[in-house]
Amino acid sequence: MSGVAANQDPKLLRRLLRAKDRMDAASHEDWPVQRLARVSDVSEAHFARSFKEAFGVPPHRYLLTRRIERAMALLRDTDLPITEIAFQTGWGSLGTFGRTFRDITGNSPGAIRARARAAAHELDRVPVCILSAAHRPDLTTAVSEKRRREADDITGSSEKEVL
Amino acid sequence: MNQGVEVVGLYVRDQEEALAFYVGKLGFRVHTDVRNGDYRWLTVQHPDQPSFQLGLFTPGPPVLDAATAETLHAIVAKGAMPPLVLVVDDCRAAHDRMLARGVEFTQEPVDRYGTVDAGFRDPSGNGWKMIEARR
């Protein structure tokens with residue numbers, strides 16, 4: 001075994017992918033190494049190293065990144081309180097969430113929310129000027145759909161994770 | 001004959017396995033299955049889409065050298081190939097039917113963006129989004 005990524009057995013990679021898919025589908029759940037190793041049908045001792053070799057990041061780091069992605073979507077698309085977002089995305093404590101969030105994004109959750117809101121308002125203005133000049137049915141649908149979802153989210157429906 | 005894209009190919013790890021999956025589990029039909037020595041040109045077709053063929057190809061000789069083929073097998077198995085999209089009339093019904101046939105779903109059907117979508121993979125690792133057609 002040379003440890004070069006290209007030399008990993010494709011059958012092993014396919015099983016490691018299954019563990020990655022499972023984390024993607026339920027990133028709010030706990031994913032201890034023994035659970036992931038079982039999904040991939042490899043030994044616990046072998047799992048973390050194989051995963052990192054295959055996907056470039058250790059499994060725990062990958063999970064945290066997915067949780068932060070999902071938290072960012074919730075900050076952007078909903079009015080849920082930050083504590084609730086931390087809870088929904090799998091953190092047991094607000095402190096850990098805030099620290100990890102800053103580590104990964106370089107900003108606090110509150111700052112990201114404020115920035116996303118500002119950007120969204122600019123986007124909302126785009127169709128008004130574009131639509132006056134051109135026919136863009138897809139854009140109309142997408143924007144009206146986004147507004148509808150925002151309205152839904154305010155009334156409390158929860159957002160599932162996005163691939 | 002109209003102009004347009006006729007065949008788009010996927011890399012699969014095993015053509016027999018892929019055939020069993022796309023025909024037996026997804027309901028596609030075989031369009032062409034021709035061999036020339038070790039080479040096998042295999043395409044399948046969605047029953048509602050006669051002008052398009054999905055090629056199920058194994059990377060390897062004589063087209064590719066063994067090392068390149070090995071790299072491609074690894075990339076497919078890691079799920080790193082581009083996404084594929086299947087449009088269906090009823091995403092939840094298709095999900096239930098495919099799940100019963102043993103399709104590996106990566107995402108349960110979710111209502112969003114005014115439609116319903118789910119995710120699954122073929123045995124090789126190619127990832128599909130299954131989206132309900134907007135009415």
Side-chain angles (χ1 to χ4, degrees), chain A residues 2-27 29 39-42 50-57 62 66 70 73-74 77-78 137-153 157-163, chain B residues 11-14 17-18 21 58-60 64-86 91-92 95 99 102-131 133-135:
Chain A
S2 69
V4 175
N7 289 349
Q8 277 182 291
D9 176 12
K11 287 205 155 60
L12 168 66
L13 291 169
R14 183 65 183 84
R15 298 199 311 270
L16 294 169
L17 176 62
R18 206 158 280 143
K20 185 166 171 272
D21 282 342
R22 294 283 296 276
M23 284 194 276
D24 287 342
S27 64
E29 291 181 11
V39 169
S40 291
D41 196 23
V42 292
S50 303
F51 187 97
K52 182 172 189 297
E53 199 175 319
F55 301 114
V57 283
Y62 179 75
R66 292 301 316 224
R70 186 153 172 265
L74 291 170
D77 300 339
T78 76
D138 287 346
L139 188 57
T140 321
T141 311
V143 171
S144 58
E145 188 51 41
K146 184 170 179 295
R147 291 208 180 106
R148 192 194 61 76
R149 280 194 299 130
E150 280 171 359
D152 283 354
D153 287 329
S157 71
S158 72
E159 178 84 348
K160 287 290 188 113
E161 71 106 33
V162 176
L163 179 80
Chain B
Y11 280 132
V12 298
R13 63 185 182 186
D14 181 296
E17 179 188 58
F21 178 82
T58 309
L64 299 170
D65 64 279
T68 303
E70 195 186 330
T71 303
L72 286 168
H73 275 296
I75 289 169
V76 173
K78 281 193 222 192
M81 294 302 268
L84 299 151
V85 178
L86 183 68
C91 185
R92 287 175 202 284
H95 165 265
L99 194 64
V103 173
E104 178 183 346
F105 274 85
T106 52
Q107 181 214 300
E108 300 287 293
V110 174
D111 274 284
R112 58 183 164 196
Y113 314 128
T115 180
V116 185
D117 68 83
F120 65 90
R121 288 196 190 279
D122 75 7
S124 304
N126 292 297
W128 286 85
K129 270 278 168 190
M130 180 163 72
I131 302 178
R134 289 164 196 271
R135 277 178 263 262

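None of these values were measured; they are calculated from a predicted model.
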Engineer: Is there side-chain contact between B/R121 and A/R14, with heavy atoms separated by less than 4.5 Å?
Structural biologist: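 B/R121 vs A/R14: side chains touch.
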Engineer: Shortest non-hydrogen contact from A/P10 to B/A74?
Structural biologist: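 That would be CG-N, 4.3 Å.
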Engineer: Is B/E104 in contact with chain A via its backbone, its side chain, both, or neither, using a 4.5 Å heavy-atom distance?
Structural biologist: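 Interface part for B/E104: side chain.
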Engineer: To the closest 0.5 Å, what do you measure between CG (A/D77) and CZ (B/R112)?
Structural biologist: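 Result: 11.5 Å between the selected atoms.
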Engineer: From A/K11 NZ over to B/H73 NE2, what is the distance, rounded to the nearest 0.5 angstrom?
Structural biologist: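 Rounded to the nearest 0.5 Å, the NZ-NE2 separation comes out at 9.0 Å.
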